[in-house]
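As the structure is a prediction and not an experimental result, all values here were calculated from the model. Quick note on labels: first sequence line is chain A, next is B, and so on, each numbered from 1. The analysis underlying the following values was restricted to heavy atoms, covering all of them including side chains, and did not include hydrogens, waters or symmetry mates.
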Amino acid sequence: MIALVDCNNFYASCERLFRPDLRHTPIIVLSNNDGCVVARSDESKALGIPMGVPFFEVRELVGRHQIEVFSSNYTLYGDISRRVMEVIGERCPEVEVYSIDEAFVDFSVFSGDIWEEKAIELRQVIWDKVGIPVSVGLGQTKTLAKLANHLVKKRKLPQLWLGQGVAVISTVQDRHEALRTVQVGDVWGIGRASVGKLQSEGIHTAFDFIQCSSQWIRQYFTITGWRTWRELQGHHELPFNPAPPIPQSVVFSRSLSECLWSSKRIQQRVKIFTQSFAEKLRHKQVYASQVSLVLSGGYGERHNLGKRNRHLLVPSNDTRILLVEFEQMCTEILSSNPFGVHRVTLAATELVSTNVQQLSLFQAPTNHSIMQLLDRINQKFGRGTMRVGVTPKEMKHLHGRQRFRSPRYTTRWSELPVVDISKRYSVLSEK
DNA sequence: TCTGGGGTCCTAGGACCC
DNA sequence: TCTGGGGTCCTAGGACCC
């Protein structure tokens, strides 16, 4: 049995954590540069704010309903996520953190008669200790656990609920009923492209989907579609992976708030981004063997694009080494075909763990203590306190537009919330 | 005026090898 | 008239996810 613990409207809930006055106020959270809506509270959903819509398109609606707007505050969300996962980990031995707001939990470590009790308790304790509301879905496979969670969130099939926020699909009858209730496009792993294909064949619900033959599924979908089909029938096809291997790639990508034409300014941005990118590699404890830079201009299909790759003889995450590589790549791209740059993407592939480093025969090992020191200083005194080759003013460009960012309540001493207890105190002292 | 950022896996087709 | 058979590796693009 697998449980999926999923935080409800995670970013919006994080913003509410330190603003209890907003508990019933509609909230939206915006993407980088305050571009799109990436999270909505229930109230905002009810007001008809779609997911992923450009902010300017709903600005009028936001004003009319006095929706509270936040720029994304990943420092805060990352820390709250860590707390949620920690609480789950304290109570369940096998946890696979799937995303910032979701975790799969192996419930087969508990005996069958306490699954329900455990799920309800888990939900309650996350609320008590962290203050984030979650939904828990239980099923025999990851895909069924997802499905159960979906039922809770969409308020469908209350007969499968156990208290608010927990649903269990355990018997065959439960499963069939759940599959009949859910549209095939709402199944985890079946996206927009497949829905059209399925509907033209008269397949609308998840139950219709599992009625198809194995051959037919294999013929019209890739192996991933077939696995979903199997999972919905209770066969494990997606392994439970509590300790995920090192990632395949690490990407750092930013849209610029304005289109840049000057080579000097583009180089500057690349320099700034390289430092954050290298920091990200170190944080993930990997060295890159291959790095690439993509500069793109404009939106839509017909935008210019320049790409360069570099293979590193000795895999690295050292800012100084990466700066040289990215500066060279940037110069090459810009010299071949200059165009207005609207987006910069840095990527690393062929990653190796920092636990092992393959050295070149003729090169001395890198001195890591300097980078460690750099990271410690920047962590303590704020990002960009110590930099390579750019001024503090330039470094500020990094975050683009963030007009509505909340304080980093839990990770910056200077932004700790202040609680005024003077009134309470005076009452006590009078007594 | 204004449109995010970060991932995974799979497949087809080309280049190349013996 | 008639032109093999079996591989590997790489890349781009599609599909999907949060």
Separation between the P atoms of C:dC18 and B:dT3, rounded to whole Å: 25 Å

DNA chain B-proximal residues of residues 180-218 of chain A, any heavy atom under 4.0 Å: A:Arg218

Residue-phosphate contact under 4.0 Å: A:Asn32 side-chain N/O, B:dG5 OP1/OP2: yes

Separation of atom NZ in A:Lys142 from atom P in B:dC9, rounded to whole Å: 11 Å

A:Arg343 side chain near B:dG4 phosphate (N/O to OP1/OP2, under 4.0 Å): no

Sugar-phosphate only, base, or nothing, as touched by A:Glu57 at under 4.0 Å among non-hydrogen atoms: nothing

Polar contact flag, side-chain donor to acceptor under 3.5 angstrom, A:Gln379-A:Asp375: no

Sugar-phosphate, base or nothing in reach of A:Phe252, heavy atoms under 4.0 Å: sugar-phosphate

Upstream residue (5' side of DNA chain B) when A:Val251 and A:Ile223 are each assigned their closest nucleotide: A:Val251

Nearest-neighbour nucleotide for the A:Tyr98 side chain, B:dT3, B:dT8, C:dC18 considered: C:dC18

Aromatic contact, A:Tyr11 with A:Tyr77 (centres under 6.0 Å): yes

Phosphate-side-chain proximity, A:Arg227 and B:dC9, N/O vs OP1/OP2 below 4.0 Å: no

Sugar-phosphate, base or nothing in reach of A:Asp101, heavy atoms under 4.0 Å: sugar-phosphate

Sub-4.0 Å heavy-atom contacts from residues 274-291 of chain A onto DNA chain C, ordered by number: none

Closest to the A:Glu102 side chain, choosing from C:dC18, B:dG4, B:dG6: C:dC18

Length of the line joining A:Phe221:CZ and C:dG14:C1', which is rounded to integer Å: 14 Å

Under 3.5 Å side-chain donor-acceptor pair for A:Trp226 and A:Ser214: yes

Residues A:Glu279, A:Lys284: salt bridge by 4.0 Å N-O rule: no

Strand DNA chain C in bracket notation, Watson-Crick/G-U under 3.5 Å with | for pairs to another chain: ....||||||||||||||

Distance in angstrom units between A:Arg254 CZ and B:dG4 P, rounded: 12 Å

Sugar-phosphate, base or nothing in reach of A:Ser72, heavy atoms under 4.0 Å: nothing

Working for side-chain contact (heavy atoms from CB on, under 4.5 Å), residues A:Arg19 and A:Ile27: CA-CA 11 Å; A:Arg19 291 288 307 275; A:Ile27 289 178; over 6 Å; no

Closest listed nucleotide, where the reference is the side chain of A:Thr222 and the choices are B:dT11, B:dG4, C:dC17: B:dT11

Atom NZ of A:Lys197 with >12 non-hydrogen neighbours under 6.0 angstrom: yes

Stepwise side-chain contact (heavy atoms from CB on, under 4.5 Å) check, A:Arg91 with A:Glu121: CA-CA 10 Å; A:Arg91 278 155 190 83; A:Glu121 179 198 313; 4.1 Å; yes

Rounded distance in Å - CH2 (A:Trp226) to C1' (B:dC9): 16 Å

Listed nucleotide nearest any side-chain atom of A:Ser249, set B:dC10, B:dG4, B:dG7: B:dG7

Cationic tip of A:Arg254 above A:Phe252 ring, under 6.0 Å, 45° of axis: yes

Sugar-phosphate only, base, or nothing, as touched by A:Val53 at under 4.0 Å among non-hydrogen atoms: nothing

d(CG, A:Leu238; P, C:dC17) in whole Å: 12 Å

Donor on one side chain, acceptor on other, A:Arg343 and A:Ser255, under 3.5 Å: yes

Donor-acceptor pair between A:Thr331 and A:Gln267 side chains, under 3.5 angstrom: yes

Proximity of A:Phe107 and A:Phe240 rings by center, below 6.0 Å: no

Centroid separation A:Tyr220 to A:Trp229 less than 6.0 Å: no

Ion pair A:Asp186/A:Lys154, N-O distance below 4.0 Å: no

